[in-house]
Amino acid sequence: MVAKVTSGALFGVSGITIEVEVDMAGGMPAFDIVGLPDSAVKESRERVRTAIRNIGVLVPPRRVTVNLAPADIRKEGPAYDLPIALGILACLGIIPATALRNVFVTGELSLDGEIRPIQGVLPMVYSAANAGFSACIVPHQNAEEASLVQGIKIIAPQSLKELIDHFKDGMLPLYRRDEVIRAQSADENILDFADVKGQESVKRALTISAAGGHNILLIGPPGSGKTMMARRLSGILADLTFEESIDVTKIYSVAGMIPDKGALVRTRPFRAPHHTISYSALVGGGRIPKPGEVSLAHHGVLFLDELPEFNRNVLEALRQPIEDRIVTISRANAAITYPCSFMLVASMNPCPCGFFGDGDRCKCSEREVNRYLDKISGPLLDRIDMHVEAARVNYKDFEGSTRSKSSQEIREEVKQAQQFQAKRYENEGISLNAELHGGSIDKYCKLDGDSRALVKRVYDVMGLSARGYHKILKLARTIADLDGARDIAAAHISEAIQYRALDRKYWS
């Protein structure tokens with residue numbers, strides 16, 4: 001007899017359906033799994049056989065063959081334990097084979113028959129719902145995560161015996177989630193820009209960066225507040241939309257990093273990897289490909305502190321993700337794509353000691369300074385929209401009576417500017433000015449006579465690349481949105497230009 005159970009596999013952050021075919025026949029007792037399984041899948045033989053025996057079911061000595069179709073896709077992990085076990089039980093007549101029709105099954109088994117949680121449940125259940133399955137059997141500990149998907153029944157048993165009992169009764173235990181989708185709790189002690197003394201020009205630059213989704217590089221001496229301000233950027237970003245939350249939660253589900261099981265990720269990610277990070281940890285990869293830091297920062301911020309301390313090869317790997325907003329990891333049998341639409345925020349000192357240009361405090365030679373700055377290549381620098389200098393804070397800034405804007409006030413400005421963008425691009429498939437490309441730049445970043453003359457003059461004087469020219473236009477569009485202006489004026493162009501001029505000071 002052949003029993004068929006539908007399960008799934010992960011392909012990037014998407015799920016694909018896998019048909020688990022179980023055949024029990026006479027002959028020499030054996031248990032074979034075919035269909036390109038990895039070691040963890042092959043080990044299912046012992047887990048499944050022992051789990052079934054320990055729940056009191058006697059399996060006669062038969063030849064068991066399990067086929068995982070399609071056979072040209074690599075099967076990884078222990079998620080096939082439960083579907084294989086149900087296929088064997090259906091072959092034995094312990095559960096009706098018809099009960100498994102139109103039901104998606106995934107889960108790992110322990111030796112005593114307990115059903116253990118797995119990674120990547122959310123994208124797999126999404127694929128099952130889109131494929132028209134009526135129900136999905138998942139581990140009890142994955143139930144809340146799976147129930148984020150609408151339009152499919154979630155069955156979440158704690159053990160194989162419990163599932164068998166419910167099959168016998170003809171009544172499966174449907175999991176019911178609270179009506180209100182629980183969100184990942186935000187940090188109540190959010191860092192506030194009001195605590196930052198001075199540095200008003202840098203705060204303005206970060207406001208523009210947040211409003212348009214622009215990448216930004218902060219350059220300044222130690223103690224100027226670069227890291228302090230960068231870590232406050234999360235407090236001025238708009239909330240994730242529901243669709244963005246689902247996208248981010250899928251990635252964290254695949255990575256096994258959902259901090260609160262079953263919670264929808266509602267806060268924009270802020271990833272700050274150490275400068276010793278490897279290539280594959282940053283962009284993704286490994287023997288079993290996993291999303292890297294650029295994908296974990298999807299719809300959020302990737303903060304690289306002390307940028308020149310990162311390995312140059314690692315930094316160069318950022319060039320393609322910044323432009324394409326996806327990462328493709330190629331293997332012999334497949335190419336996996338992860339999304340990575342993030343804001344790059346980087347900080348660095350102007351020289352190895354950090355005090356370049358500060359009187360006699362800097363002891364670095366010109367050669368040492370050049371070697372330090374050359375760790376940041378021209379192509380990478382050109383992909384960073386804004387280059388901002390964070391000067392040393394003066395004592396008068398600590399005693400000044402000038403009130404700084406709070407993160408909440410800045411956030412309202414950012415939200416208003418992004419509302420203008422959302423309405424403008426509602427038919428373009430983008431949401432922020434930083435995502436403009438090709439003909440859409442000419443369409444939405446039109447210049448008047450004075451602005452065009454200014455850009456033309458600066459283009460020749462600064463020796464801008466085509467990418468640099470377009471980034472000035474997109475920056476000017478964001479500055480105009482913050483001002484509530486419909487058209488880009490010369491003043492907006494002038495401010496945008498100053499954010500592209502700092503590299504001429506240090507890298508000339």
Under the salt bridge (Lys or Arg N to Asp or Glu O under 4.0 Å) criterion, do D112 and K161 qualify, and how do the steps go? CA-CA 10 Å; D112 63 355; K161 189 175 187 313; over 6 Å; no
From K226 NZ over to F303 CZ, what is the distance, rounded to the nearest 0.5 angstrom? 8.5 Å
Distance-only, no hydrogens or angles: does the S280 side chain make a donor-acceptor pair with backbone N or O of G286 under 3.5 Å? no
Does R45 have any salt bridge (charged side-chain N to carboxylate O under 4.0 Å, His left out) partners at least two apart in sequence or in another chain, and if so, which? none
I'd like to know if the side chain of N142 and the backbone of I118 have a donor-acceptor N/O pair within less than 3.5 Å. yes
Scanning both residues in full, the closest heavy-atom pair of L432 with G213 reads CD1-CA, 4.0 Å
Got V254 and P123 here, is their nearest side-chain heavy-atom distance under 4.5 Å? yes
Does any pair with a residue in residues 6-17 pass side chain to side chain donor-acceptor pair (under 3.5 Å), and if so which ones, sequence neighbours excluded? none
Check the surroundings of atom NZ in K290: do more than 12 heavy atoms from other residues, nucleotides or ligands lie under 6.0 Å from it? yes
Would you check if the side chain of R325 reaches a backbone N or O of P339 as a donor-acceptor pair within less than 3.5 Å? no
Taking the side chain as C-beta and beyond, is there a heavy-atom pair between P269 and F342 under 4.5 Å? no
Can you name the closest pair of heavy atoms from D81 and V48 and give their distance? O-CG2, 3.5 Å
What is the ring orientation for Y444 with Y425, classed by angle as parallel under 30°, tilted 30 to 60°, or perpendicular over 60°? perpendicular
Exercise: do R204 and S201 side chains pair donor with acceptor under 3.5 Å: no
Distance-only, no hydrogens or angles: does the Q418 side chain make a donor-acceptor pair with backbone N or O of A210 under 3.5 Å? yes
Heavy atoms only: give me the nearest G77-D38 pair and the separation to one decimal. N-OD2, 3.4 Å
Specify the closest pair of heavy atoms between P221 and A390, including all atoms of both residues, with the distance to one decimal. CD-O, 3.3 Å
Show your reasoning for whether side chain to side chain contact (heavy atoms under 4.5 Å, CB included) applies to I73 and L36. CA-CA 7 Å; I73 296 176; L36 214 58; 6.0 Å; no
Please check if any side-chain donor atom of E145 sits under 3.5 Å from a side-chain acceptor atom of S253, or the reverse. yes
Atom OG in S465, atom CZ in R383: separation rounded to 0.5 Å? 9.0 Å
Restricting to non-hydrogen atoms, name the atom on V388 and the atom on A205 that form the minimum distance, rounded to 0.1 Å. CG2-CB, 3.6 Å
Would V202 and V196 satisfy side chain to side chain contact (heavy atoms under 4.5 Å, CB included), going step by step from the backbone distance to the final call? CA-CA 11 Å; V202 182; V196 181; over 6 Å; no
4.5 Å side-chain heavy-atom contact, Q421 and R477: no
Between CD1 on residue I137 and CD1 on residue I155, distance to nearest 0.5 Å: 5.0 Å
Donor-acceptor pair, Q320 side chain versus I326 backbone, under 3.5 Å? yes
Rounded to the nearest 0.5 Å, what's the gap from CG on N215 to CD1 on I322? Could you check? 5.5 Å
How far apart are the C-alpha atoms of M228 and Q199, what are their side-chain angles, what is the distance that settles it, and do they pass the side chain to side chain contact (heavy atoms under 4.5 Å, CB included) test? CA-CA 11 Å; M228 182 182 184; Q199 303 293 15; over 6 Å; no
Non-hydrogen side-chain atoms of V66 and V20 separated by less than 4.5 Å: yes
Indicate yes or no: at least one non-hydrogen side-chain atom of R266 is less than 4.5 angstrom from one of L240. no
Does D247 have any side chain to side chain donor-acceptor pair (under 3.5 Å) partners at least two apart in sequence or in another chain, and if so, which? none
Could you tell me if E412 and Q408 have a donor-acceptor pair between their side chains, going purely by distance under 3.5 Å? yes
Do other residues, nucleotides or ligands put more than 12 heavy atoms under 6.0 Å from the NZ atom of K375? yes
Mind checking the CD1-CG spacing from I55 to L160? Nearest 0.5 Å is all I need. 4.0 Å
Please evaluate residues R500 and D382 with respect to the criterion salt bridge (Lys or Arg N to Asp or Glu O under 4.0 Å), reporting the C-alpha separation (whole Å), side-chain torsions for both, the decisive distance (0.1 Å), and the verdict. CA-CA 9 Å; R500 297 290 302 180; D382 201 36; 3.0 Å; yes
For the pair E428 and S440, evaluate side chain to side chain donor-acceptor pair (under 3.5 Å) and give the outcome as yes or no after the intermediate values. CA-CA 9 Å; E428 297 288 343; S440 60; 5.7 Å; no
How close do N313 and N311 get, heavy atom to heavy atom, and via which atoms? N-OD1, 2.8 Å
Residue pair V138 / M124, side-chain heavy-atom distance below 4.5 Å: no
Using 0.5 Å steps for rounding, measure from the CG atom of D192 to the CD atom of E409. 9.0 Å
Here's one to test your reading of the geometry: is the NZ or CZ of K75 within 45 degrees of the ring axis of Y80 and under 6.0 Å from its centre? no
Under 3.5 Å, is there a donor-acceptor pair between the side chain of H298 and the main chain of S341? yes
Does L163 form a side chain to side chain contact (heavy atoms under 4.5 Å, CB included) with L82? I'd like the steps, not just the answer. CA-CA 10 Å; L163 188 57; L82 185 57; 4.3 Å; yes
Please determine which of E435, H214, H437 meets the side-chain contact (heavy atoms from CB on, under 4.5 Å) test together with K474. H214
Yes or no on salt bridge (Lys or Arg N to Asp or Glu O under 4.0 Å) for E426 and K423, after CA distance, side-chain angles and deciding distance? CA-CA 5 Å; E426 58 185 352; K423 185 176 181 180; over 6 Å; no
Non-hydrogen side-chain atoms of K4 and L100 separated by less than 4.5 Å: no
When you measure from the side chain of S134 to the backbone N and O of N102, does any donor-acceptor pair fall under 3.5 Å? yes
For residues E316 and R319, determine if any side-chain heavy atom of one lies less than 4.5 Å from a side-chain heavy atom of the other. yes
Donor-acceptor contact below 3.5 Å, side chain R411 vs main chain L237: yes
